[in-house]
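Here is the naming used below: chain letters follow the sequence lines, and residue numbers restart at 1 for every chain.
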Protein chains: 2
Amino acid sequence: MSQMQNVERQLREMILGLEIGPGERLTERWIESRFGASRTPVRAALLRLETEGLICRDGRGWTVSPINLAELEQIAVYREAVEVAALRLTCALEDRSAVDVIEAMLDSCDAATPREEWHRIGMDFHIELARLSGNEFLFRAVRDAMTRLSRARWLEIRDEAALGRAWAEHHAILAAVRAGDADEAARRLSAHIVGSRDRLVASLHNDRRGLRARGFAVVAA
Amino acid sequence: MSQMQNVERQLREMILGLEIGPGERLTERWIESRFGASRTPVRAALLRLETEGLICRDGRGWTVSPINLAELEQIAVYREAVEVAALRLTCALEDRSAVDVIEAMLDSCDAATPREEWHRIGMDFHIELARLSGNEFLFRAVRDAMTRLSRARWLEIRDEAALGRAWAEHHAILAAVRAGDADEAARRLSAHIVGSRDRLVASLHNDRRGLRARGFAVVAA
DNA sequence: GATACCAATTTGGGATACCAATTTGGTATC
DNA sequence: GATACCAAATTGGTATCCCAAATTGGTATC
């Protein structure tokens, strides 16, 4: 694999994994030495990550994007639009058997599953569901939105019950899709997204002292 | 302005203005000499234009994205999702007086207005309408979708009547927004987008021989 | 002690040199 | 004439160098 893709992938993982905190400043030369690459692939990676919203310009330099509560709320509205549209397309498909694969994905999580796995699968549920629609633009929109949400969702203080509730909502959505009931599926998906947003924003808001203490920049709504 | 932004802007204009045809191959060194810049800003521009969908990788090199009829149809579905969502947000606003500015924009076009201006304003109508929603993600989605559609819309064979019909639909949408009738506005916007797509795809399909003759790559649906 | 100011360092933007892989054009062979 | 093959040119990927601007740290002045 090329250096360019390497740096991009590794840097993205460090940002999404919060090894580099939200709000932290980045210098091209630090990245260069950190990954043993020269500045050309580093710059390519930075440009890509900027379009993903993971980093942003800070005057002349670069900053890891802060957690922005206002942005999280806007993303929820955006998600509702694109995910519901994708879901309706999927419900209109002749062959909706692919939902079984997604259901199996959900069911692969149990009490012994590490938290990272729940986190990843919780996002992949939405991404893969959007992929089923067959619309590349809706799919990419959902995938990009989930990428932007990833860090905030990871920071979210989640109790066991909240995860169980989310999974139950996921299952209910799939059931409606399998039945071909687009309106019901859309209703449940909308409610799920709005509920997720509310819990997410509330959690981050309540814990913003803790986050600041860890050096994470959190921008209020 | 920096070279990087300069190259990006000029190259984008050449692609959107069809000075470089869809499907044409690009080499970094040609761009370099064409704009008198070195490869560093050229590469930055290429990476940005790739994310906009205006160019795409072609093995090791770069190609101006072909006109893709299947993509145009998918974009219409995407647009319907995000534009309608944005429109509903706008209809829910207390102060919807900003639609007057958009209406004035439409009204600035008359028989003496050059075709480029009609083209640009026809896109800006949708972009500015989405901006009113206040949701940055919906706005960017619409703006990016219109950018991707730009070349195809320019190639579209449009008669006077089609333009008049489009403008009438624009006005009707604004009227519904001003009245705060979200359902009516959404219905009209959906119909407008679907109708535009049908006319666009049909036009390009009918003229695909002419387009090929001009050296433009057109990928069938 | 606060502040204005200057030198040294750092940083991103740009240019260029080098390399490996691919493409290209021609040539020799059958 | 077709084809296999090789050398030269081209091209994108990478590393490195230079530069202007911005930041920084210390110092002299009040």
Side-chain angles (χ1 to χ4, degrees), chain A residues 1-16 18-66 68 215-217 219, chain B residues 1-16 18-66 68 215-217 219:
Chain A
M1 179 179 293
S2 68
Q3 281 283 45
M4 192 182 88
Q5 294 167 321
N6 243 325
V7 174
E8 181 186 342
R9 190 173 44 76
Q10 294 188 61
L11 190 55
R12 182 188 295 109
E13 277 174 19
M14 284 190 74
I15 293 173
L16 291 180
L18 297 165
E19 295 172 57
I20 317 178
E24 214 163 307
R25 296 206 51 169
L26 290 173
T27 68
E28 298 185 355
R29 277 158 169 116
W30 177 82
I31 301 168
E32 185 182 7
S33 66
R34 175 68 178 70
F35 299 108
S38 73
R39 290 179 66 199
T40 309
V42 167
R43 285 190 200 166
L46 287 170
L47 287 173
R48 286 249 161 77
L49 293 176
E50 185 191 19
T51 69
E52 291 183 43
L54 296 184
I55 62 175
C56 50
R57 311 234 50 149
D58 174 35
R60 209 168 60 123
W62 301 93
T63 299
V64 177
S65 298
N68 186 326
F216 294 164
V219 176
Chain B
M1 180 178 296
S2 69
Q3 281 281 45
M4 192 183 89
Q5 294 167 322
N6 241 327
V7 174
E8 181 186 340
R9 191 174 43 77
Q10 292 188 62
L11 191 55
R12 182 188 295 110
E13 276 174 18
M14 285 189 75
I15 293 172
L16 292 180
L18 296 165
E19 296 172 57
I20 317 178
E24 212 163 307
R25 296 208 49 171
L26 289 173
T27 67
E28 299 186 354
R29 275 155 170 114
W30 178 82
I31 301 167
E32 187 182 5
S33 66
R34 176 68 177 73
F35 298 108
S38 75
R39 290 179 66 201
T40 308
V42 167
R43 292 178 60 87
L46 287 170
L47 288 171
R48 286 250 161 77
L49 294 175
E50 185 192 19
T51 69
E52 290 183 43
L54 297 184
I55 63 175
C56 49
R57 310 233 52 147
D58 173 35
R60 209 168 60 124
W62 301 93
T63 298
V64 177
S65 298
N68 186 326
F216 295 164
V219 177

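- When distances are taken from the side chain of B:R29 to each of D:dT11, C:dA15, C:dG13, the shortest belongs to D:dT11.
- At distances below 3.5 Å, not a single donor-acceptor pair connects side-chain atoms of A:R29 with backbone N or O atoms of A:E32.
- Within 4.0 Å (heavy atoms only), A:R25 reaches no atom of the nucleic acid at all.
- One atom, CH2 of B:W30, and another, P of D:dT11, lie 13 Å apart when rounded to the nearest Å.
- Among the nucleotides C:dG14, D:dA22, D:dG12, the one closest to the side chain of B:T27 is D:dG12.
- Nearest to the side-chain atoms of A:S38 among the listed nucleotides D:dT14, C:dT11, D:dG12 stands D:dT14.
- To the nearest angstrom, P of C:dT24 lies 11 Å from CZ of B:R60.
- The pairing partner recorded for D:dA28 is C:dT3, the criterion being a Watson-Crick or G-U wobble arrangement whose two distances lie under 3.5 angstrom.
- For B:P41, the listed nucleotide lying nearest its side chain is C:dG14; candidates were C:dG14, D:dG13, D:dA15.
- Computed from coordinates, the B:L47 CG to C:dG14 C1' distance equals 16 Å when rounded to whole Å.
- Although no hydrogens or angles enter the test, the distance criterion places no donor-acceptor pair under 3.5 Å between the side chain of B:T63 and the main chain of B:R25.
- Within 4.0 Å (heavy atoms only), A:A37 reaches sugar-phosphate atoms of the nucleic acid but no base atom.
- Counting non-hydrogen atoms under 4.0 angstrom, B:L46 reaches nothing in the nucleic acid.
- A donor N or O paired with an acceptor N or O is not found under 3.5 Å between the base of C:dG14 and the side-chain atoms of B:R43.
- In the set D:dA20, D:dG13, D:dT14, the nucleotide with an atom closest to the side chain of A:T40 is D:dT14.
- Taking atom CD on A:E32 and atom P on D:dT14, their separation rounds to 13 Å, with Å as the unit.
- For the residue pair B:L11 and B:I31, the shortest heavy atom distance occurs at CD2-CD1, 3.9 Å.
- Side-chain atoms of A:Q10 never come within 3.5 Å of backbone atoms of A:V7 as a donor-acceptor pair (strictly under, hydrogens ignored).
- Looking at A:R39, its side chain comes within 3.5 Å of the base of C:dG12 through a donor and an acceptor atom.
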